[in-house]
Amino acid sequence: MAWTLLLIAGLFEIGWAIGLKYTDGFTRFLPSALTAAAMVASVVCLAFALRSIPVGTGYAIWTGIGAVGTALLGIVLFGESASVARLGCIGLIVAGIAGLKVVSS
């Protein structure tokens, strides 16, 4: 269950990171409210996951999921660069996340 909560926390992190783009500096109410809710949900899920997962592992995986998801959605939604080097670096983050999961099981 802790790993599922950590995944959910990471997905909420992606949501709030992308949501920041739509808040227009927190001047738009609905995007701002949804972004704030995603922030809270992300941290709450992370806190519950860290009851069973070592903090260093959990935090690294949480931020990794957020970084990878946000970078990929930046490419898809905002036309950010999808260069081979950038995708390779994203792949390295994914490898790090997988490696931490394997050694922490």
Taken to the nearest 0.5 Å, the spacing of Ile53 CD1 from Tyr59 OH works out to 15.0 Å
Applying the 4.5 Å side-chain criterion to the ILVMFWY set and letting contacts propagate, would Leu34 and Val43 be lumped into a single cluster?
-> no
| message | Could you check whether any side-chain heavy atom of Leu72 comes within less than 4.5 Å of a side-chain heavy atom of Val76, counting everything from C-beta outward? | response | no
Residues Ala2 and Ala49: closest non-hydrogen pair is O-CB, 3.4 Å
Please check if the side chain of Arg86 supplies one atom and the backbone of Ser81 the other of a donor-acceptor pair under 3.5 Å. yes
### Task
Keeping the roles fixed (side chain from Ser42, backbone from Ala38), state whether a donor-acceptor pair exists under 3.5 Å.
no
| message | Taking Leu11 as the starting point, is it possible to reach Phe48 by hopping between hydrophobic residues whose side chains are less than 4.5 Å apart? | response | no
Heavy-atom nearest pair, Gly64 first then Ile97, reads C-CD1, 3.3 Å
Phe29 atom CZ, neighbour heavy-atom count above 12 within 6.0 Å
no
So OG1 of Thr23 and CZ of Arg28: to nearest 0.5 Å the spacing works out to 8.5 Å
Only one of Ile61, Val68, Thr63 passes side-chain contact (heavy atoms from CB on, under 4.5 Å) with Ile65, and that residue is Ile61
Practice item. Verify the cluster assignment for Leu100 and Leu7: are they in a single hydrophobic cluster under the rule of side-chain heavy atoms below 4.5 Å apart? Key: yes
### Query
Any side-chain donor-acceptor pair under 3.5 Å between Trp3 and Ser104?
no
Open item on the list: Within the structure provided, determine whether Leu6 and Leu50 are in side-chain contact (heavy-atom separation under 4.5 Å).
Closed with: no
d(Leu30 CG, Thr35 OG1) to nearest 0.5 Å is 9.0 Å
Worksheet item: Does Asp24 offer a backbone N or O that forms a donor-acceptor pair with the side chain of Thr27 under 3.5 Å?
Response: yes
Could you pull out every donor-acceptor pair under 3.5 Å between side chains of residues 13-22 and any protein atom, sequence neighbours left out?
none

Distance col, row Arg51:CZ vs Leu46:CG, nearest 0.5 angstrom, shows 12.5 Å
**Prompt:** With the 4.5 Å side-chain cut-off for hydrophobic clustering, are Leu87 and Val94 part of the same group?
**Reply:** yes
Practice item. Determine, using the 4.5 Å side-chain heavy-atom cutoff (strictly less than), whether Trp62 and Val55 are members of one ILVMFWY cluster. Key: yes
